[in-house]
Amino acid sequence: MPEGHSVRRLARQFGDVFLGEALAVSSPQGRFSGGAALLDGHTMVAAEAHGKHLFLHFDNSLVLHVHLGLYGAWSFGGDSTFAGASSIGAPRRVGEQEAFADGDDDGGAPYAGPPAPVGAVRVRLAGSHGWADLRGATTCETITAAEADAVLARLGPDPLRNLRGDAGRFAANVRTRKTPLAALLMDQKVIAGVGNVYRAEVLFRRRLDPLLPGTALPDNDARRLWRDIVAVMNDGVADGRIITTPPKYWALDGTTAAKAAAAGEPVPPRSAHFPHRDDVHFVYKRHGLPCRVCRTIVLMADLAGRNLYWCPYCQQPQA
């Protein structure tokens, strides 16, 4: 499931390519015909994300609300002015693929609109220079602004918004529950946007026992945890992928990025290909491998239907 940084990038994508434009909205699959008709021909006036929820606002005070879930994905395409065309969602890709159709690619023919839909397209948004297709989403609905506010009211604070008071709200949400920290971080009513990767990684980075009850976490530690989540998720927005390890763990030509930089050697910028995917996480999907810090074997267990990864030494319960 795309985590909050991906949905934030997605909202930014919609703002970049569709904001202020009247859009043709349709449902090629047919399952969203009624909702699409309410938006067809109206102008998109705002695109925002909160956690894993996307809200596209139109000038008739209606909102397209989308939650991608495990299998949802948006794909974009258009002419050369449709900047940043990409596919975001499932199936997951490292990096984003562009799908331009301009004069350099098609023999000089002008943009003629979107191609015929491929697969079960729940909703298509089309403007004068490009289109966006949604497939497989858990939630796709046209709602009022008041209904959108009600959805937001049910969600915890979003680290990518990090509004005044959010750290305290998060700390209170955690410290009033006896549920294990690892489960609390996946509860979107506690904190919005954290998924399985960020959950495992931030608990390791803060050296927190994933099974520690929320009530046992001191307020200062809860606020430090919030700040770390804010930092790594903002990195995810910038990088387009989740990188939680520092350069000393990134392999580079027989050494590490940190050592190369210290020696004055060139180090590639963070990108879809660097650091290598084997180097970007501390514990996520590294079960059976030695911990990068202490060399203890990383463990995996099921917690509430999702795989949990942790180091039993670095994250051992505190006496």
Side-chain angles (χ1 to χ4, degrees), residues 1-6 51-52 155-160 162 166-237 239 241-246 248-249 275 277-319:
M1 180 184 299
E3 302 198 25
H5 73 293
S6 293
K52 301 176 184 180
L155 298 172
D158 181 346
L160 291 172
N162 195 24
D166 277 354
R169 183 180 167 201
F170 167 72
N173 285 347
V174 168
R175 299 184 68 247
T176 55
R177 291 167 167 86
K178 296 181 179 179
T179 307
L181 288 180
L184 289 174
L185 291 184
M186 297 286 280
D187 185 342
Q188 301 300 297
K189 298 186 297 296
V190 172
I191 181 171
V194 171
N196 211 22
V197 184
Y198 281 125
R199 182 260 298 268
E201 292 296 295
V202 296
L203 288 175
F204 178 86
R205 284 164 59 104
R206 298 306 312 159
R207 303 300 191 266
L208 291 170
D209 173 13
L211 301 182
L212 181 75
T215 51
L217 186 68
D219 183 76
N220 284 343
D221 287 345
R223 291 171 182 267
R224 292 188 187 99
L225 176 59
W226 169 265
R227 289 194 292 270
D228 198 40
I229 296 170
V230 169
V232 294
M233 289 190 70
N234 273 288
D235 286 345
V237 173
D239 296 333
R241 56 190 297 217
I242 300 176
I243 302 172
T244 58
T245 53
K248 74 178 189 177
Y249 296 111
R277 63 182 180 180
D278 290 343
D279 300 333
V280 298
H281 301 141
F282 281 108
V283 292
Y284 179 72
K285 287 195 173 180
R286 297 195 70 249
H287 53 292
L289 297 174
C291 171
R292 298 190 190 278
V293 174
C294 73
R295 312 309 292 173
T296 302
I297 297 300
V298 173
L299 300 181
M300 178 185 73
D302 179 273
L303 181 67
R306 300 297 298 275
N307 288 332
L308 170 66
Y309 305 88
W310 80 104
C311 170
Y313 182 81
C314 291
Q315 297 173 260
Q316 60 187 294
Q318 299 299 308

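Positions are given from 1 along the sequence.
Looking at Leu217 and Leu212, their side chains come closer than 4.5 Å, going by heavy atoms from C-beta outward. Side-chain contact between Ile229 and Val194 is present, with heavy atoms from C-beta onward closer than 4.5 Å. Annotation: side chain of Val202 is in contact with side chain of Val232 (closest heavy-atom distance under 4.5 Å). Looking at Val283 and Trp310, their side chains never come closer than 4.5 Å, going by heavy atoms from C-beta outward. Side-chain atoms of Arg227 and Val230, non-hydrogen and from C-beta on, never get closer than 4.5 Å to each other. Counting heavy atoms from C-beta on, the side chains of Asn173 and Pro157 come closer than 4.5 Å. Side-chain contact between Leu203 and Leu185 is present, with heavy atoms from C-beta onward closer than 4.5 Å. Between Cys291 and Cys314 there is a side-chain heavy-atom pair separated by less than 4.5 Å.
For residues 179-199, the ring pair (Phe, Tyr, Trp, His ring centres under 6.0 Å) pairs, not counting sequence neighbours, are His5-Tyr198. Residue pairs meeting the side-chain hydrogen bond (donor to acceptor under 3.5 Å, both in side chains) criterion with at least one partner in residues 179-193, sequence neighbours excluded, are Asp187-Lys189. For residues 215-236, the pairs satisfying ring pair (Phe, Tyr, Trp, His ring centres under 6.0 Å) are Phe170-Trp226, with sequence neighbours left out. Within the structure, the salt bridge (Lys or Arg N to Asp or Glu O under 4.0 Å) test picks out no pair touching residues 288-301 (sequence neighbours left out). Residue pairs meeting the salt bridge (Lys or Arg N to Asp or Glu O under 4.0 Å) criterion with at least one partner in residues 191-211, sequence neighbours excluded, are Arg205-Asp228.
Rounding to the nearest 0.5 Å gives a distance of 4.0 Å between CZ of Arg306 and CE of Met186. Expressed to the nearest 0.5 Å, how far CE of Met233 lies from CG of Asp235 amounts to 11.0 Å. One finds the CG atom of Asn196 at 8.5 Å from the NZ atom of Lys285 (value rounded to the nearest 0.5 Å). Of the inter-residue distances, the one linking Arg286 atom CZ with Leu299 atom CG reads 12.5 Å to the nearest 0.5 angstrom.
Taking all atoms of both residues into account, the shortest heavy-atom contact from Gln315 to Pro210 is NE2-CD, 3.9 Å. Taking all atoms of both residues into account, the shortest heavy-atom contact from Ile243 to Pro275 is CD1-CD, 3.7 Å. Considering every non-hydrogen atom in both Cys311 and Thr296, the closest pair reads SG-CB, 4.1 Å. Closest heavy-atom contact between Ala182 and Leu308: CB-CD1, 3.8 Å. Of all heavy-atom pairs between Gly214 and Leu184, the closest is CA-CD1, 3.8 Å. Between Leu160 and Gly4, the shortest heavy-atom contact is CD1-O, 3.6 Å.
With sequence neighbours excluded, the residues that form a side chain to side chain donor-acceptor pair (under 3.5 Å) with Arg223 are Asp219. Not a single side chain to side chain donor-acceptor pair (under 3.5 Å) links Asp166 to another residue, sequence neighbours left out. Annotation: salt bridge (Lys or Arg N to Asp or Glu O under 4.0 Å) contacts of Asp279 (sequence neighbours excluded): none. For Arg177, there are no side chain to side chain donor-acceptor pair (under 3.5 Å) partners, not counting sequence neighbours. With sequence neighbours excluded, no residue satisfies side chain to side chain donor-acceptor pair (under 3.5 Å) with Thr215. Looking at residues two or more places apart in sequence or on another chain, you find a ring pair (Phe, Tyr, Trp, His ring centres under 6.0 Å) between Tyr309 and Tyr284, His287. For Phe282, the ring pair (Phe, Tyr, Trp, His ring centres under 6.0 Å) partners are Phe204, Tyr249, not counting sequence neighbours.
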Please assess Arg241 against Arg277 for the test side chain to side chain contact (heavy atoms under 4.5 Å, CB included), listing each intermediate value before the final yes or no. CA-CA 10 Å; Arg241 56 190 297 217; Arg277 63 182 180 180; 4.3 Å; yes
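His281 places a side-chain N or O within 3.5 Å of a backbone atom of Ile242 that can act as its donor or acceptor partner. No donor-acceptor pair under 3.5 Å is formed between the side chain of Ser6 and the backbone N or O of Pro2.
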